[in-house]
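Residues: numbered from 1 along the sequence shown.
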Amino acid sequence: MKIGIVVGSIREGRLGRSVGEWVLQQATQRDDAAYELVDLKDFDVPLLRARTLPGMADKQYDSPQVTRWSQAIDACDGFVFVTAEYNHGVPGAFKNAFDVLGNEWAGKPVGFVSYGAENGVRAVEHWRQIVVNFHMVGVRAQVSMSLFTEVADGRIAPSALRGPALATLLDQLVAATARTAT
């Protein structure tokens, strides 16, 4: 079973990469799944402009960047979305990267690790509404971190409570993924 830790912010100076690395470091101490960091910034996904709707594309895309992104996402059985909160919602680049694909997401469980001025909770609320379109199951546990109290030297510095919260999220995600992985 493979869990993709998807870092969804691509902006310069982002915290997302350090959040994703923290999640990966915690996750790889477990032996219940293979965990892989999937950083959206590494894929240069273009804006959705294809004539064919992604859900009807049968994983055949015009763009080599989207094809590479598709292969990375399709290889995962479940996900941890590492999401910032931008203007009380999800990051635009991450939403676009979600939208350029179709069946790669279908039926796969997802957990959420967020960060922002209000701990990113509104982005997670938004994501929960979005992922149901592909019958994705969002696990109940989530990890939400503050830009004001959990950042040091430009990197995430999670409070002591975050490790146990992430363990609970991963427990729920692995159990959900085991039920749905084929």
Side-chain angles (χ1 to χ4, degrees), residues 2-21 23-24 34-139 142 144-145 147 154 156 173 176-177 180-182:
K2 183 175 179 182
I3 305 292
I5 301 165
V6 183
V7 176
S9 174
I10 63 169
R11 61 181 270 281
E12 296 301 319
R14 67 197 171 130
L15 286 172
R17 180 70 186 213
S18 71
V19 175
E21 289 170 350
V23 172
L24 180 64
Y35 295 91
E36 179 179 318
L37 193 66
V38 181
D39 191 340
L40 176 57
K41 192 170 185 168
D42 294 339
F43 291 87
D44 196 25
V45 175
L47 288 175
L48 174 56
R49 299 190 323 184
R51 179 179 300 268
T52 304
L53 295 173
M56 300 172 77
D58 195 29
K59 302 177 187 175
Q60 302 299 309
Y61 301 103
D62 297 337
S63 162
Q65 296 97 321
V66 174
T67 298
R68 208 169 123 252
W69 173 244
S70 165
Q71 292 166 344
I73 295 305
D74 203 33
C76 298
D77 301 304
F79 305 98
V80 175
F81 280 8
V82 174
T83 186
E85 180 177 307
Y86 290 174
N87 300 315
H88 296 207
V90 301
F94 197 2
K95 177 63 165 77
N96 177 72
F98 186 85
D99 289 345
V100 300
L101 302 182
N103 298 325
E104 295 87 345
W105 303 113
K108 296 178 181 179
V110 60
F112 301 97
V113 174
S114 63
Y115 59 97
E118 294 295 331
N119 298 10
V121 296
R122 291 172 293 218
V124 172
E125 290 172 354
H126 194 186
W127 273 119
R128 289 186 187 281
Q129 294 172 14
I130 294 166
V131 300
V132 296
N133 184 58
F134 285 110
H135 304 280
M136 296 176 78
V137 175
V139 300
Q142 67 187 55
S144 304
M145 294 182 266
L147 291 180
I156 201 68
L173 182 60
T177 304
T180 60
T182 56

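Rounding to the nearest 0.5 Å places CH2 of W69 at 12.5 Å from OG of S63. Rounding to the nearest 0.5 Å gives a distance of 3.5 Å between NZ of K2 and CD of E36. Distance check, rounded to the nearest 0.5 Å: CD of E104 to CZ of F98 gives 10.5 Å. Remark: S70 OG to Q60 CD distance equals 8.5 Å, nearest 0.5 Å. Between R122 atom CZ and N119 atom CG the span is 9.5 Å, to the nearest 0.5 Å. Taking CG from D99 and CG from L53, the interatomic distance works out to 11.0 Å, rounded to the nearest 0.5 Å.
You'll find the side chain of L48 stays beyond 4.5 Å of the side chain of K95, heavy atoms only. Contact check for R14 versus D39: side-chain heavy atoms found under the 4.5 Å cut-off. A 4.5 Å side-chain heavy-atom check between Q142 and V121 finds at least one atom pair inside the cut-off. Between L101 and Y61, the closest side-chain pair of non-hydrogen atoms falls below 4.5 Å. The closest side-chain heavy-atom distance from W105 to V131 is not below 4.5 Å. In this structure, K41 and R17 have side chains that are not in contact, with every pair of non-hydrogen atoms separated by 4.5 Å or more. The shortest distance between side-chain heavy atoms of T83 and S114 falls below 4.5 Å. Considering only heavy atoms from C-beta on, V110 stays 4.5 Å or farther from V6 through its side chain.
Environment of CD in E21: crowded, with over 12 heavy atoms of neighbouring residues, nucleotides or ligands closer than 6.0 Å.
The shortest heavy-atom contact between A123 and A84 is CB-O, 3.4 Å. When all heavy atoms are compared, the tightest approach of A176 to V139 is CB-CG1, 4.3 Å. Closest heavy-atom contact between Q65 and P46: CB-CD, 3.9 Å. In terms of heavy-atom proximity, V45 sits nearest to N96 at CG1-ND2, 4.0 Å. Heavy atoms only, all atoms of each residue included: Y115 and S9 are closest at OH-CB, 3.6 Å. For the residue pair A97 and L40, the shortest heavy atom distance occurs at CB-CD1, 3.4 Å.
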| field | CA sep, side-chain torsions, deciding dist, call: V82, I5, side-chain contact (heavy atoms from CB on, under 4.5 Å) | value | CA-CA 7 Å; V82 174; I5 301 165; 3.8 Å; yes
Pair K108-D74, side-chain contact (heavy atoms from CB on, under 4.5 Å): steps then yes or no: CA-CA 10 Å; K108 296 178 181 179; D74 203 33; 3.9 Å; yes
Test side-chain contact (heavy atoms from CB on, under 4.5 Å) applied to W127 and F94, step by step:
CA-CA 10 Å; W127 273 119; F94 197 2; 3.4 Å; yes
| Worked check of side-chain contact (heavy atoms from CB on, under 4.5 Å) between F43 and V38 | CA-CA 9 Å; F43 291 87; V38 181; 3.8 Å; yes
